[in-house]
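Have a look at the structure below, then the notes.
A, B, ... follow the sequence lines: proteins, then strands. Residue 1 opens every chain.
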Protein chains: 2
Amino acid sequence: MPSHHPARSRRSTERKGDLRERAILDTCEALLAHKGYNAMTVGDIAQGAGITRGALYFYFGSKQEVVVALVARTVEQLWERSRTTAQTDEPRQAIAEAMQRTVELWNEHGLVMRTAIDLSLTVPEIGELWSHTADLFITAITAVLERAGIQAGTEPEQASAMARALCWMIERTFYHASQESRETLQEASATCEHLWLISAGLTT
Amino acid sequence: MPSHHPARSRRSTERKGDLRERAILDTCEALLAHKGYNAMTVGDIAQGAGITRGALYFYFGSKQEVVVALVARTVEQLWERSRTTAQTDEPRQAIAEAMQRTVELWNEHGLVMRTAIDLSLTVPEIGELWSHTADLFITAITAVLERAGIQAGTEPEQASAMARALCWMIERTFYHASQESRETLQEASATCEHLWLISAGLTT
DNA sequence: GTAAAAATCGACACCGTGTAGACTTTCTGG
DNA sequence: CCAGAAAGTCTACACGGTGTCGATTTTTAC
């Protein structure tokens, strides 16, 4: 089994299998888009990637593992991006920028993100990945709220709990809106931004 | 096939099948609780209800249909209850009462509600049922916001859109919290209530 | 150029689904 | 009360998807 390349980044020339592995994930993403998780069969993925089922099992142990890898690939991009994004001090601006970034995220990766959310329950690995991602957002929102003067702490009416609720609001709102259209998503974003601003007491 | 009893309420003595039908749904609910939807097999349900797979297919056409019926049964209770609940004019009180009712709802039916949410995508019938339920909530929240002075309308920063976002916030927050404990749910409720109050401009 | 490692294939066993047909139990009306 | 119909139940089967295995071919490394 390939996978798990922790430190061997540039060992020898790229294995042929690495190509296939990517082809499998790409196919999986495409199939997910117009068949959905349940309808998508291991045979479909293999066929799309140009190999047989038997060969696919050389790379991944199951359909679930394929999807876990796909989610991991996407989510790592998210982490990467959020790490390299400039942090603004001014809360109003920070909120606007965060929402803008989130819209882009969902425009680009909405499908995989929705899949991740849907499978969080049934596939523990994905649940892990997604809850870690959510934690990053919650931490960021908490920081903005505190900077805007909301009392720090974990009690129900303090920054931490509020940030969590706002995170879920954004997740769910974007989840639904991203199934519609870009315009819907943009409007949903405006609404969320507005509610975030109000919650932070920044409406004067 | 039984089911579809629109107006024949008290026709003859209760059919034996009605008993079985309820037994099937009860078993399904129980299995859902400690095996989850995917792990639960039609054979499991039949066994739990004291019949064979073949007999179960007399009542329901598939596992999905069983779960749809279970969700429908639960959701009808919700509708029933929300219809018979007193409406309060004073916004602050209306919000407090709504949140209290919602906590009770999730305490009693959390499992089925989470299942409904999870399957909304894959089972259109359930998606229908749940989105209708959400609409009831959104309408109610919208009314409260307007009464509290938020401008009516469907633009991103007006009552309707805000209500939708708040509804998703509550749904998702309760979804997660109800998996933990009653205390967590109660705290989550307090946070949501706080955010709802702030959004309605009722914090003076 | 060759031997080990990587990749691929086809066949198989297993399990869950849904259907069919025969059989039994329960109701209903004369 | 009893015969025919309706309701309920069962066993057996066919199908489709999953995951495994051993044999075989291709690629890579020295």
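Regarding Ile51(A), its CD1 atom lies at a distance of 19 Å from the P atom of dT25(D), rounded to whole Å. Straight-line distance from the CD atom of Glu65(A) to the P atom of dT18(D): 14 Å, rounded to whole Å. Taking atom CG of Leu56(B) as the reference point, atom P of dT11(D) lies 15 Å away to the nearest angstrom. Asp18(A) has its CG atom 11 Å from the P atom of dA6(C), to the nearest Å. Regarding Gln47(A), its CD atom lies at a distance of 14 Å from the C1' atom of dG17(D), rounded to whole Å. To the nearest angstrom, P of dG10(C) lies 17 Å from CZ of Phe58(A). Atoms CZ (Arg15(A)) and P (dT26(D)) sit 18 Å apart, rounded to a whole Å. dT20(D) atom P lies 15 Å from atom CZ of Phe60(A), rounded to whole Å.
For Trp196(B), the ring pair (Phe, Tyr, Trp, His ring centres under 6.0 Å) test picks out no residue, with sequence neighbours left out. Under the rule for a side chain to side chain donor-acceptor pair (under 3.5 Å), the partners of Thr133(B) that lie at least two apart in sequence or sit in another chain are Trp79(B).
Heavy atoms of other residues, nucleotides or ligands lying less than 6.0 angstrom from CZ of Arg81(A) number more than 12. With a 6.0 Å radius and a threshold of 12 heavy atoms from other residues, nucleotides or ligands, Glu104(B) has its CD atom above the threshold.
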Between the protein and nucleotides 17-19 of chain C, are there any N/O to N/O pairs under 3.5 Å, and if so, what are the atom names and distances?
residue : atom : partner  : partner atom : Å
dT17(C) : OP1  : Val42(B) : N            : 3.3
dT17(C) : OP2  : Thr41(B) : OG1          : 2.6
dT17(C) : OP2  : Val42(B) : N            : 3.3
dG18(C) : OP2  : Tyr57(B) : OH           : 2.9
dG18(C) : N7   : Arg53(B) : NH1          : 3.3
dG18(C) : N7   : Arg53(B) : NH2          : 3.0
dG18(C) : O6   : Arg53(B) : NH2          : 2.5

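Using a 4.0 Å cut-off, no side-chain N or O of Tyr59(B) falls inside it from OP1 or OP2 of dA7(D). For Arg20(A), no side-chain nitrogen or oxygen approaches OP1 or OP2 of dT27(D) to under 4.0 Å.
Taking the side chain as every heavy atom from C-beta outward, Phe137(A) and Thr102(A) approach each other to under 4.5 Å.
Closest non-hydrogen pair, Ala165(A) versus Thr173(B), comes out as CA-OG1, 3.9 Å.
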